[in-house]
Participant: 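This is the structure I have questions about; it appears just below.
Sequence positions, counted from 1, serve as the residue numbers for this chain. These numbers were taken from a predicted model, which means no experiment stands behind them.
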Amino acid sequence: MESSVNLQEPMSYMLVWIITAGVLLLAAVLLQVIFRIRRRRRGEVPEKIKVVKPPRASIPEIKNRYLSDIDKIKDALTKGEIDKRIAYQRMSKVIRHFVFDMTGVQVQKYTLYEIKQIRMPMLTQLIEDYYVPEFAQETMADAIKSLEGTRRVIERWH
């Protein structure tokens, strides 16, 4: 019995699906590359941060309060009431709150990466110095030297 239907060869209709799959795969790869480039560019450009300085008359008062906190940390450290790790944690808290009071930027909530993005070199350097001793169980870092560095930053801040 003969049929009036002519069958196509298997490869004649499979080629369309292979080309379609290839185009879709290429489009997916291209979109992935575009999104990664856009995300990387967006991460490199920090958003504008609004700095709100305190009234000039209150700046010495703010500095004295935080310098007093530094003295308290140094006293507790030299008396053995706290260890280096706790001293570094307290230094980090003091300098972050000081910068917040002086600028209005909530750096007390920022990670080191975010602090680097806001371009405050003195703060960035201090937080980088604190990072390892602050989170390590034991450290060879010189906490007294770091306290003095923190003191200098607070005194020189304008």
Participant: Walk me through whether K53 and T103 qualify under side chain to side chain contact (heavy atoms under 4.5 Å, CB included).
Facilitator: CA-CA 5 Å; K53 293 186 177 184; T103 65; over 6 Å; no
Participant: Using a 4.5 Å cut-off on heavy atoms from C-beta on, say whether the side chain of L147 contacts that of L77.
Facilitator: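 When only atoms from C-beta onward are counted, L147 and L77 do touch, with a gap below 4.5 Å.
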Participant: If hydrophobic clusters are built from ILVMFWY residues whose side chains come within less than 4.5 Å, do Y131 and Y88 share one?
Facilitator: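 Linked, Y131 and Y88 end up in one cluster.
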Participant: With rounding to the nearest 0.5 angstrom, report the OG to NZ distance, S146 to K84.
Facilitator: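 Here the interatomic distance stands at 9.5 Å.
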Participant: Let me check something: do F100 and I118 share a hydrophobic cluster, defined by ILVMFWY side-chain heavy atoms less than 4.5 Å apart, either directly or through other members?
Facilitator: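 As far as the 4.5 Å side-chain criterion goes, I118 and F100 are not connected within one cluster.
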Participant: Side-chain contact, heavy-atom cut-off 4.5 Å: Q108 with V99?
Facilitator: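 Of all side-chain heavy-atom pairs linking V99 with Q108, none is under 4.5 Å.
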Participant: Minimum heavy-atom separation for I73 and I82, please, with both atom names.
Facilitator: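 For I73 versus I82, the nearest heavy atoms are O-CD1, 3.9 Å.
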Participant: Of the non-hydrogen atoms in M91 and A143, which two are nearest, and what is the gap between them?
Facilitator: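 Reported closest heavy-atom pair: CE-O, 4.0 Å.
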Participant: So do the side chains of Y110 and Q117 get within less than 4.5 Å of each other, counting heavy atoms only?
Facilitator: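 A side-chain contact is absent here, since even the closest heavy-atom pair is not under 4.5 Å.
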Participant: Do the side chain of S68 and the main chain of N64 share a donor and acceptor less than 3.5 angstrom apart?
Facilitator: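 No, the answer is negative, given that no donor and acceptor are paired below the 3.5 Å cut-off.
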Participant: Does the side chain of M122 reach to within under 4.5 Å of the side chain of R156, using non-hydrogen atoms?
Facilitator: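 When only atoms from C-beta onward are counted, R156 and M122 do touch, with a gap below 4.5 Å.
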Participant: To the nearest 0.5 Å, what is the distance between CD1 on I62 and CG on L67?
Facilitator: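 Here the rounded value is 11.5 Å.
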Participant: Between the main-chain N or O of E61 and the side-chain N or O of S58, is there a donor-acceptor pair closer than 3.5 Å?
Facilitator: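 Here the side-chain-to-backbone pair does not exist.
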Participant: May I ask you to say whether D101 pairs ionically with R65, meaning some side-chain N is under 4.0 Å from a carboxylate O?
Facilitator: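 Salt bridge: yes.
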Participant: To the nearest 0.5 Å, tell me how far Y66 OH sits from R96 CZ.
Facilitator: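 Taking OH in Y66 and CZ in R96, the distance rounds to 13.0 Å.
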